[in-house]
Every structure is written in C-alpha cells, then in structure tokens.
Amino acid sequence: SEAHWKHGCALAFTGNWEEAWPELEWRFKGHRGSIAKRQEYAKPDWDGSNTGKLLIYSSQGFGDLFQHIRYVQDIKCDYVIECSLHVYDLLKLQGFNVVVKGDKLPNYDSVVDVCSLAYYFRRINECPYLIAPPISKRLKLNDGKKIGICWQGNSRECNPELFLSLSEYGELISLMT
C-alpha cells in the first residue's frame with residue numbers, strides 16, 4: 001500500500017492526475033498518519049453521493065487543506081468542514097460551513113478527507129483557490145514593496161525535509177532591499 005501511495009505521489013508530481021488519484025487513495029490502507037486520522041471518525045467513508053450530511057476533515061497540513069478545499073464548491077449535499085482554529089477565520093470568510101477541531105461536531109452521515117475530493121471530482125486547475133481578504137483591511141499601506149513568505153509548515157505535522165531555511169530565500173530577499 002505504501003508503494004501505491006508513493007507511486008501516486010510520483011504520478012501527481014509529473015502531472016498524470018487521472019492515474020494518480022486512485023493511487024493516492026491507498027494512503028488509507030498503509031500510510032500510518034492517514035489511517036490514524038481516519039479512525040477518529042466512526043462513520044463510513046463518503047461515496048461521492050449528494051445525500052446526507054458530510055464531514056470533511058484534513059489528514060495533512062495547511063498546504064494540502066488550502067490546495068484541496070477548492071473542491072468543496074462541487075459538493076451538493078450538506079457538509080461541515082472540521083478545521084484547526086488557526087484557519088477557522090479564513091475558511092469562514094470564504095463562506096464555508098466550518099467547526100473547530102475539538103469542538104462538538106454536528107450530526108453527520110459520512111466522512112471524507114479533503115485531499116480525497118480531487119479523486120471524486122477528477123479535475124485539477126479549474127477551481128479557484130482561497131481568496132485573501134483585501135490587504136487594506138489588514139495592513140496600514142505605504143508605497144513600499146510587500147512580499148509575504150511562509151518558509152516552514154507546522155513542524156509537528158509535516159516532514160521537516162520539506163522545510164527551506166530562510167537563507168535559501170537569499171535571492172528573493174535581496175530583491176526586497
């Protein structure tokens with residue numbers, strides 16, 4: 001199962017999405033983190049139907065959540081997204097029905113990992129991403145350049161080999177000065 005999942009990652013990396021999606025679903029058969037996360041819920045997996053209430057959860061980090069949350073617009077049944085407090089406001093701002101992980105969940109009939117939504121809808125690069133609130137509402141603006149960098153994910157949830165050191169952004173930083 002781990003070989004299938006890694007094969008799916010390689011296929012996705014090369015843009016072979018149709019072949020990648022079924023292989024990536026193998027993470028629930030052998031990828032320890034995904035299996036443990038899925039076992040937290042006592043309801044059946046979603047079958048892609050438009051009936052009942054769906055609980056959407058994320059077994060991965062914020063980057064994967066942001067990448068795949070765009071497929072929620074294709075879900076026609078009632079749903080709720082369980083998310084971290086860190087992203088609650090952003091998802092709420094997008095108009096999603098959300099509940100903070102650890103809070104009491106509403107009744108639901110089935111569950112799906114947000115990363116599985118692409119598998120069900122079988123498309124990529126057609127959906128809009130999240131929309132940031134206007135920067136003028138968040139920052140006092142002046143005429144200088146503004147570049148935001150997130151150089152590291154959540155070290156408790158992500159593979160540390162994926163992190164870049166800040167020094168690896170040297171060329172970009174030199175453009176800002």
Side-chain angles (χ1 to χ4, degrees), residues 1-134 150 153-154 157-159:
S1 61
E2 190 79 12
H4 279 281
W5 180 73
K6 287 184 179 185
H7 182 234
C9 290
L11 289 166
F13 184 73
T14 60
N16 294 312
W17 293 104
E18 282 296 323
E19 294 175 61
W21 287 318
E23 295 293 297
L24 292 170
E25 291 300 294
W26 277 84
R27 71 189 179 281
F28 297 110
K29 296 179 178 85
H31 190 258
R32 289 182 304 273
S34 295
I35 292 171
K37 182 68 176 171
R38 172 61 187 94
Q39 289 174 343
E40 292 178 22
Y41 307 98
K43 300 287 180 153
D45 290 329
W46 186 49
D47 62 4
S49 68
N50 293 321
T51 60
K53 186 158 189 170
L54 177 63
L55 173 67
I56 303 167
Y57 69 93
S58 180
S59 66
Q60 307 298 317
F62 295 151
D64 288 310
L65 171 67
F66 295 155
Q67 170 70 8
H68 293 92
I69 198 76
R70 59 195 171 134
Y71 294 102
V72 170
Q73 69 183 1
D74 294 330
I75 295 173
K76 304 300 182 217
C77 64
D78 193 16
Y79 72 86
V80 63
I81 302 168
E82 181 188 50
C83 67
S84 162
L85 180 61
H86 301 297
V87 297
Y88 176 85
D89 289 336
L90 177 62
L91 296 183
K92 194 75 173 167
L93 180 71
Q94 307 298 310
F96 293 121
N97 183 15
V98 292
V99 62
V100 173
K101 181 162 179 57
D103 287 354
K104 185 177 183 331
L105 291 172
N107 290 332
Y108 59 96
D109 302 301
S110 59
V111 297
V112 68
D113 183 343
V114 70
C115 292
S116 293
L117 294 178
Y119 168 77
Y120 285 102
F121 298 114
R122 300 292 176 135
R123 58 191 180 77
I124 194 79
N125 296 333
E126 298 172 17
C127 302
Y129 288 90
L130 297 175
I131 299 167
C150 177
N154 184 343
E157 295 181 20
C158 299
N159 180 348

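S84 is linked by a side chain to side chain donor-acceptor pair (under 3.5 Å) to nothing, counting only residues two or more places apart in sequence or in another chain. Taking D109 as the reference, nothing meets the side chain to side chain donor-acceptor pair (under 3.5 Å) condition, with sequence neighbours excluded. D103 meets the side-chain contact (heavy atoms from CB on, under 4.5 Å) test with V99, V100; sequence neighbours excluded. By the side-chain contact (heavy atoms from CB on, under 4.5 Å) test, D89 is found to be paired with no residue, residues two or more places apart in sequence or in another chain being considered. Residues meeting the side chain to side chain donor-acceptor pair (under 3.5 Å) test with N50, sequence neighbours left out: none. For D78, the side-chain contact (heavy atoms from CB on, under 4.5 Å) partners two or more places apart in sequence, or in a different chain, are K53.
With L91 as reference, L65 is the one residue of L65, N97, V72 to meet the side-chain contact (heavy atoms from CB on, under 4.5 Å) rule.
Using a 4.5 Å cut-off on side-chain heavy atoms (C-beta onward), L90 and F66 make contact. Residues I81 and V114 have side chains not in contact (no heavy-atom distance under 4.5 Å, counting atoms from C-beta outward).
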Candidate pair L117 and D74, rule side-chain contact (heavy atoms from CB on, under 4.5 Å), full reasoning:
CA-CA 9 Å; L117 294 178; D74 294 330; over 6 Å; no

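To the nearest 0.5 Å, atoms CD1 (I56) and OG (S110) are separated by 9.5 Å. Note that the CH2 atom of W46 and the SG atom of C77 stand 6.0 Å from one another [nearest 0.5 Å]. Between atom CG of residue L54 and atom NZ of residue K43 there is a gap of 12.0 Å, rounded to the nearest 0.5 Å. S116 OG to Y57 OH: the interatomic distance, rounded to the nearest 0.5 Å, is 6.5 Å. To the nearest 0.5 Å, the span separating CG on D45 from CG on D113 amounts to 10.0 Å.
Across G102 and E82, no two heavy atoms sit closer than the pair N-OE2, 4.3 Å. The minimum heavy-atom distance between Y79 and G95, with the atom names listed, is OH-O, 4.4 Å. Minimum heavy-atom separation, V80 to V98: CG2-C, 4.1 Å. Here the shortest heavy-atom pairing between H68 and A118 reads CD2-CB, 4.2 Å.
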